[in-house]
There are 2 protein chains.
Amino acid sequence: MTKRNVTKLTTVTSGPKSGGSDTDRLVDELRRRIVTNQMPPGSRIRENELSEEFGVSRSRVRDAFGILEERGLIERIPNKGAVVMRLEADSFLELFDVREVLEGLMVRLATQNTEPEYWDDLINLFGADLEKAVENNDFNAYMAAIAQFRQTCIEAAGSGTLRGLLDDIYDRVLSMTRRLMLVPGRASEGFRQHQGILRAMQEGDAEKAERLKRENIRSARQWFLKYNDFLL
Amino acid sequence: MTKRNVTKLTTVTSGPKSGGSDTDRLVDELRRRIVTNQMPPGSRIRENELSEEFGVSRSRVRDAFGILEERGLIERIPNKGAVVMRLEADSFLELFDVREVLEGLMVRLATQNTEPEYWDDLINLFGADLEKAVENNDFNAYMAAIAQFRQTCIEAAGSGTLRGLLDDIYDRVLSMTRRLMLVPGRASEGFRQHQGILRAMQEGDAEKAERLKRENIRSARQWFLKYNDFLL
DNA sequence: GCCTAAAATATTGTTGACAATATTATCGGC
DNA sequence: GCCGATAATATTGTCAACAATATTTTAGGC
């Protein structure tokens, strides 16, 4: 868990540039292409192509595929090859269920472990500027803020085990969030919900924060159900 | 996620014998040795040794190590080798936290998805015979029953995503459960708690089942805190 | 023109050899 | 005898060639 997850974490937080081995770089880049739909679900990916493109041996590509498979981002069929995993409506709903309890736990632990002032920066970030940005459909700004929120919470929660599980589903959550954001009204609702959660966290009310976070995911689930014809 | 997890699941449920590729067999056997403390935490494991012992090439061993690392069972230090991951007290407590919410979700979904008679066999299993076995410290019987409970619930929950996350922590949970069972009084308490959960599930009361399951894990956590000097 | 069989091609799976790195043993100086 | 430098060994990291398998193309019969 430890080493690889640390590598992954720094990637997630500090952007696409990342250190580590050739294999790690490959994993990061492929991950990026998959979640940005540059490689849409069902795409076949050939070991040779990537090997040439990145100037590494096929063995590295193979190792990367192994990791990506373990993470559920690609599917490997023996002697046939690897394809980007398809995201079915069912699995989206499943994802909401686990997000609800895991992210709820995340904010509860984070609240318990911190002093009120820990949240000042984040509360500032989720202020008037961001609200205006959300109203103007500046999704990149909102996505970045959400990523920051997540990252800060995970750190405060201080549980490597929880972090590992959240990382496991991170890519799928990301792709889901990106889509859901397009639904008119969802982004601003999510924004207000995050404000509420942050207030509860600053007040040190862990139970309330957990409840609000769970409501946040539940309402996202509702929006998804309503609009899933457009989203899938 | 899909393919590999399916392989893993069948392994967990249907015992050490298992199909798949050389790599899969290796993963299973190493997993077994680690959770049974045949390879205690901190043990160094050499690629060559295993390659010879199993009569496979070092590449297969290498692949297996990659999977084991991803699952958090071993730690790989570049150019130094692989060692069995150490389990610290902190990580045990973390494990209880995530178990609480995930297994709570598991029984809630399982209850929602099933008819009362679905639980007949399991309620029978958690009957007078097993109670006597627990009183007589027949831990193997109890462990088997718990595994059955877990397996049946996961199937009923019907969420591949949840299953994947539970599988992720399964090995650590197992090693924790085995130890905790030795604490006088814990096993019989756990037994009664499972009876209560099963009753709630048969009654179709999903909320109650979830609450009881969470209490079950919380009480296990209490016992662990009290006796952790002996358990670690 | 269309279906089937077989050859040609492309792609993944596996291996053993070699390079890079870390660990251990040896030797000389003090 | 103890310490440090260097050589010897062991172990992991990487790769390119080869084998196994699947896919596509071609050829032939009807």
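The chains referred to below are lettered A, B, ... by the order of the sequence lines, with proteins before strands, and numbering in each begins at 1.
- Each of B:Arg60 and B:Asn79 lies near DNA chain C, and the nucleotide nearest B:Arg60 is the one positioned closer to the 5' end.
- Rounded to a whole Å, the CD atom of B:Glu52 is 15 Å from the P atom of C:dT15.
- The backbone N or O of B:Ile169 sits nowhere less than 3.5 Å from a side-chain atom of B:Arg71 that would complete a donor-acceptor pair.
- Rounded to whole Å, the distance from CZ on B:Arg46 to P on D:dT12 is 7 Å.
- Between A:Phe224 and A:Phe92, the ring planes are parallel. Angles under 30° get that label, and only those over 60° would be called perpendicular.
- For A:Asp22 and D:dT14, the CG to P distance is 7 Å, given to the nearest whole Å.
- We find that CG of B:Asp63 is positioned 15 Å from P of D:dT12, with the value rounded to whole Å.
- Straight-line distance from the CG atom of A:Asn48 to the P atom of C:dT12: 7 Å, rounded to whole Å.
- Between A:Glu47 and B:Val56, the one whose closest nucleotide on DNA chain C sits nearer the 5' end is A:Glu47.
- As rounded to whole Å, 14 Å separates atom C1' of D:dT21 from atom CD1 of A:Ile77.
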Discussion item. As a quick check of understanding, evaluate side chain to side chain donor-acceptor pair (under 3.5 Å) for A:Arg60 and A:Ser51, giving each step before the final call.
Written reply: CA-CA 8 Å; A:Arg60 303 304 101 229; A:Ser51 155; over 6 Å; no

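- Under a cut-off of 6.0 angstrom, the local environment of CG in A:Asn137 is crowded, with over 12 non-hydrogen atoms contributed by other residues, nucleotides or ligands.
- Regarding contacts with the backbone of C:dT12, every side-chain N or O of A:Arg58 stays at 4.0 angstrom or more from both OP1 and OP2.
- Under 4.0 angstrom from either OP1 or OP2 of D:dT12 there lies no side-chain N or O belonging to B:Arg76.
- A straight line from CG of B:Leu50 to C1' of D:dT11 spans 13 Å, rounded to a whole angstrom.
- Of the side-chain N and O atoms in A:Lys80, one or more sit less than 4.0 angstrom from OP1 or OP2 of D:dT23.
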